[in-house]
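The structure appears right after this line, and notes come after that.
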Amino acid sequence: MSDGRNSSARAPARDGSKGFRVIFLPSFVVFLLVALIGQTFALEWRTWLPGAAGERSMIAGVKTAVYTFMSHLT
């Protein structure tokens, strides 16, 4: 007897979350590599990334750059 539950048919929790991750993660890695290379050679890498000029930490600068980049995609 069936109790009305179908475990194989689940609705996704967030429709846009997978698309967000597909764009965010590769962009974050690319911008992080740019920041690491710039940091290694003592260059002003924050001016290279969009929106990262005002951030103090490298991770916050990279995250801000990715969000700024993603806002230009839509």
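Predicted model, so just to flag it, every value in this text is computed and none were measured.
- Side-chain contact between Leu43 and Trp48 is present, with at least one heavy-atom pair separated by less than 4.5 Å.
- Side-chain atoms of Arg46 do not come within 3.5 Å of backbone N or O of Val62 as any donor-acceptor pair.
- Nearest heavy atom pair, residue Gly61 against residue Ala52, reads O-CB, 3.3 Å.
- The side chain to side chain donor-acceptor pair (under 3.5 Å) check on Thr64 picks up Glu55, with sequence neighbours excluded.
- Summarising the geometry, atom CG belonging to Leu73 is positioned 11.0 Å from atom OG1 belonging to Thr68; distances are rounded to the nearest 0.5 Å.
- Side-chain heavy atoms closer than 4.5 Å link hydrophobic residues (I, L, V, M, F, W, Y) into clusters, and following such links, even through other members, never connects Leu33 to Trp45.
- In plain terms, the two heavy atoms of Phe69 and Ser27 that are nearest each other are CE2-OG, 3.4 Å.
- Between Leu32 and Ile59 the shortest side-chain heavy-atom distance falls below 4.5 Å.
- In terms of hydrophobic clustering, with Ile, Leu, Val, Met, Phe, Trp and Tyr side chains grouped at heavy-atom distances under 4.5 Å, Val29 and Val34 are assigned to different clusters.
- By the rule that hydrophobic residues join a cluster once side-chain heavy atoms approach within less than 4.5 Å of another member, Phe41 and Leu36 end up as members of one cluster.
- Remark: Tyr67 engages Phe20, Phe24, Lys63 in a side-chain contact (heavy atoms from CB on, under 4.5 Å) (not counting sequence neighbours).
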